[in-house]
Amino acid sequence: MSNQEVARAFNEIADMLELKGENPFRIRAYRRAAQNIEALSVEVSELDEESLQKIPGIGKDLAQKIREFVERKTIKQLEELRKEIPSGLLQILLVPGIGPKTAKTVYDRLGISTIEELERACKEGRLSGLPGIKKKTEDNILKGIAMLKMGRERMPLGRARPLAEEIVSELKKLKEVGRIEIAGSLRRWKETVKDIDILVTSREPMKVMNAFVRLPQVQDVLLKGPTKSSVMLREGIQVDLRVVEEESFGAALQYFTGSKAHNIKIRERAMKLGLKINEYGVFREEDNKKVAGKTEEEVYEAIGLPFIEPELREDLGEVEAAEEGRLPELIETSDIRGDLHVHSRWSDGAHSIEEVAEAAIEMGYEYIAITDHSKGLGIAGGLQAEDILEEKKEVDALNRKLRKFRILMGVEVDIRSSGELDFDEEILKKLDFVVASIHSGFRQSSKQLTRRLLSAIRCPYVNVIAHPTGRILGERQEYELDMEQVLKAAKRYQKALEINAYPLRLDLKDSYARRAKEMGIPIVISTDTHMTEQFRFIRYGVEVARRAWLEKSDVLNTLPLKEFLRRIKRQR
DNA sequence: GCCGTTTTCGGCCCGACTGTTTTCAGTCG
């Protein structure tokens, strides 16, 4: 019973209670619990009722329901609701523009309980005449159904971020645009995003909005007003643009950056202090006088808190940490001194080692580890033992030539299906740095996969496990690992785990990386670069680290070369 | 259903846009 399954059950209960018109706060309680469970790095199935109640948003009742779900594979309340509410109605809720009220109305009045029926009824104009529904609403529902059919899922950060930056640079060209910032989950660098939020200041909002909806990337205008417009891009992601006053920019940025859960917490705190926060500023309850709003720092200060970095704003303990003055000093991209997972033309990279080194120097690095694939990965030009030794000669020669820069001779050694490494220790011993990773047998049992990683961690010459969970966003699920065991082993042998910065991997993900930090496991952030342009992806990895509360001192490749070498020697 | 420097009952974040209304409900973020 995974956390995700529990979260899904609670969300389903929330949906059905909503359809029944239940108390909205009770519904919110289920959703909040679901969200917190999903973000948890431990499995709720392993917790007893008492520990469950320590999770924020989970009290006696929900703790019992989790235990019930884990032990009996079902929740009685859920079963009963399912009998009461047709599953098609839940599908109808997924249609953008349709909420619980409309869904209930069409069900009660017309007996519609599937999307197909809804579509037919709209086309036949049978919805018109229901309370609050006329032709226009029918059209909007049909649009929403079309949108749903297009498969509106979350977009990986690595795809959405460049799209957002492109739009920002277009809008920046307008003379009517003052300040401009990306907000929303994109500013928090969440690994997938639902839409792109952009915030601008302007004295002539309508001109900005007019230009916005006419951008060449825009396929459809969803809504347009003086402070808020939304469009659908051809790439299939929605962009919301908001225009605010200079004087409220900080409050608006804070508000639209979210997360929702973080904002609710901030607002609750404000309320206790006799303040009210909205996107225009912080206001005193008694006389409605504005006390802050121009900058985000001001907003947090007004409620007695230090600035909280956007990446932390998930209501996962950051508000409490801010209150107690123990916010982390998050790692920054400029702290990184070397990339430790780099491919060259010797295997499947696009550039020579020399070209790669030059690009790394350009990045301001002091060192890199060249880690081409081992023989098991024939498809990626994996190297035989002799090739590795040849490659090492080239690296040695380059090191004699380069000043103030060091290329570490390494390898990305494949962990075979059997659990053995692709090279024996005699070869690995001769290298400066060894990255081990899984590239095959993804579908093995959890037991087998975990054993493979454990045996790699135990090998004295392995320094780091690369992309430990193997996931590729939108393509491949994580391996079914026993992550807790992997973490324990990494801690015991002090082997590093990689945050792979390749935008579609981001592996370790934030919640695991945070758990690793808490356990005292060393972390490296690397790009898995196959061409020199990809060194720039390091930012994505650093952002995962920031979301995981990591500081400079938690990450090995922030160390200067000498210290770094001393540190990895101790791993052997 | 949760939660407690206003607490064990009575609160629970806040506003824009749309389409239906003639002052507002529903949806969304």
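So you know, we letter chains A, B, ... as the sequences are listed, proteins then strands, and number each from 1.
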Before giving the answer on salt bridge (Lys or Arg N to Asp or Glu O under 4.0 Å), spell out for A:Lys228 and A:Asp240 the whole-Å C-alpha distance, their side-chain angles and the decisive distance to 0.1 Å. CA-CA 7 Å; A:Lys228 177 182 174 178; A:Asp240 296 343; 5.1 Å; no
Looking only at N and O atoms, is any donor in the side chain of A:Asn140 or the base of B:dG19 less than 3.5 Å from an acceptor on the other one? no
Looking across every strand, which nucleic acid part, if any, lies under 4.0 Å from A:Ile27 by heavy atom: base, sugar-phosphate, or nothing? nothing
Nearest to the side chain of A:Asp197, which nucleotide is it out of B:dG29, B:dT27, B:dC13? B:dG29
Classify A:Thr102 by what it touches in the nucleic acid, base, sugar-phosphate, or nothing, heavy-atom distance under 4.0 Å. sugar-phosphate
Among B:dG29, B:dC12, B:dT27, which nucleotide sits nearest the side chain of A:Lys260? B:dG29
Can you tell me how far P in B:dT18 sits from the matching atom in B:dC13, rounded to whole Å? 26 Å
If you measure from the P atom in B:dT20 to the same atom in B:dA25, how many Å do you get, rounded? 16 Å
Against the six-membered ring of A:Tyr512, is A:Lys509 placed for a cation-pi contact (under 6.0 Å from the centre, within 45° of the normal)? yes
Do you see a donor-acceptor pair shorter than 3.5 Å between the side chains of A:Tyr300 and A:Gln254? yes
Indicate whether OP1 or OP2 belonging to B:dC17 is found under 4.0 Å from a side-chain N or O atom of A:Thr227. yes
Provide the distance between the two C1' atoms, one in B:dT21 and one in B:dG26, to the nearest whole Å. 12 Å
Can you list the steps and then say if A:Glu296 with A:Tyr255 is a side chain to side chain donor-acceptor pair (under 3.5 Å)? CA-CA 9 Å; A:Glu296 278 192 318; A:Tyr255 183 83; over 6 Å; no
Can you measure A:Lys60 atom NZ to B:dC2 atom P for me and round it to whole angstrom units? 10 Å
Residues A:Glu314 and A:Ser259: closest non-hydrogen pair is CA-OG, 3.5 Å
Without decimals, in angstroms, what is the distance between A:Gln53 CD and B:dC2 P? 8 Å
To the nearest Å, how far apart are A:Lys272 NZ and B:dC12 P? 12 Å
Say we look at B:dG1 and B:dT8: how far apart would their C1' atoms be, to the nearest angstrom? 14 Å
Sugar-phosphate only, base, or nothing, as touched by A:Asn278 at under 4.0 Å among non-hydrogen atoms: sugar-phosphate
Rounded interatomic separation in angstrom, taking CG from A:Leu78 and C1' from B:dG1: 16 Å
Can you tell me if A:Tyr280 touches the phosphate of B:dA16, counting only side-chain N or O atoms and a distance under 4.0 Å to OP1 or OP2? yes
Can you tell me the Watson-Crick or wobble partner of B:dT8, both distances under 3.5 angstrom? none
Value in whole Å for how far the P atom of B:dC3 lies from CZ of A:Arg26: 15 Å
Per A:Thr137 side chain, nearest of listed nucleotides B:dG1, B:dG19, B:dA16: B:dG19
Could you check whether A:Ile277 gets within reach of a base, just the sugar-phosphate, or nothing at all, counting any heavy atom under 4.0 Å? sugar-phosphate
Short side-chain to backbone donor-acceptor contact, A:Arg269 and A:Ile303, under 3.5 Å: yes
Of the listed B:dC17, B:dG15, B:dC12, the closest approach to the A:Lys228 side chain comes from B:dC17
Taking the side chain of A:Tyr255 as heavy atoms from C-beta outward, which of B:dC17, B:dG26, B:dC14 is closest to it? B:dC14
Judged by each residue's nearest nucleotide on DNA chain B, which is more toward the 5′ side, A:Lys65 or A:Gly225? A:Lys65
Does a side-chain N-to-carboxylate-O contact under 4.0 Å join A:Arg471 and A:Asp507? no
Rounded distance in Å - CG (A:Asn36) to P (B:dG1): 17 Å
Across the strands shown, which category fits A:Pro100 at heavy-atom distances under 4.0 angstrom: base, sugar-phosphate, nothing? sugar-phosphate
Which residue lies toward the 5' end of DNA chain B, A:Pro131 or A:Ile55, if each is placed at its nearest nucleotide? A:Ile55
How is A:Lys276 classified with respect to the nucleic acid when contacts are heavy atoms under 4.0 Å: base, sugar-phosphate, or nothing? sugar-phosphate
Could you work out the separation of B:dT23 and B:dC17 based on their C1' atoms and round it to a whole Å? 16 Å
Nearest-nucleotide pick for A:Lys101, side chain only, options being B:dT6, B:dG1, B:dG26: B:dG26
In this structure, how many angstroms lie between the C1' atom of B:dA16 and the CZ atom of A:Phe256, rounded? 8 Å
Which nucleotide in the list B:dC12, B:dT21, B:dG26 gets nearest to the side chain of A:Lys134? B:dT21
Among the nucleotides B:dG1, B:dT20, B:dC12, whichever has the atom closest to the side chain of A:Lys136 is B:dT20
Checking B:dC2, B:dA16, B:dG26 against the side chain of A:Ala29 (C-beta onward), the nearest is B:dC2
Find the distance A:Arg28:CZ to B:dG11:C1' and express it as a whole number of Å. 10 Å
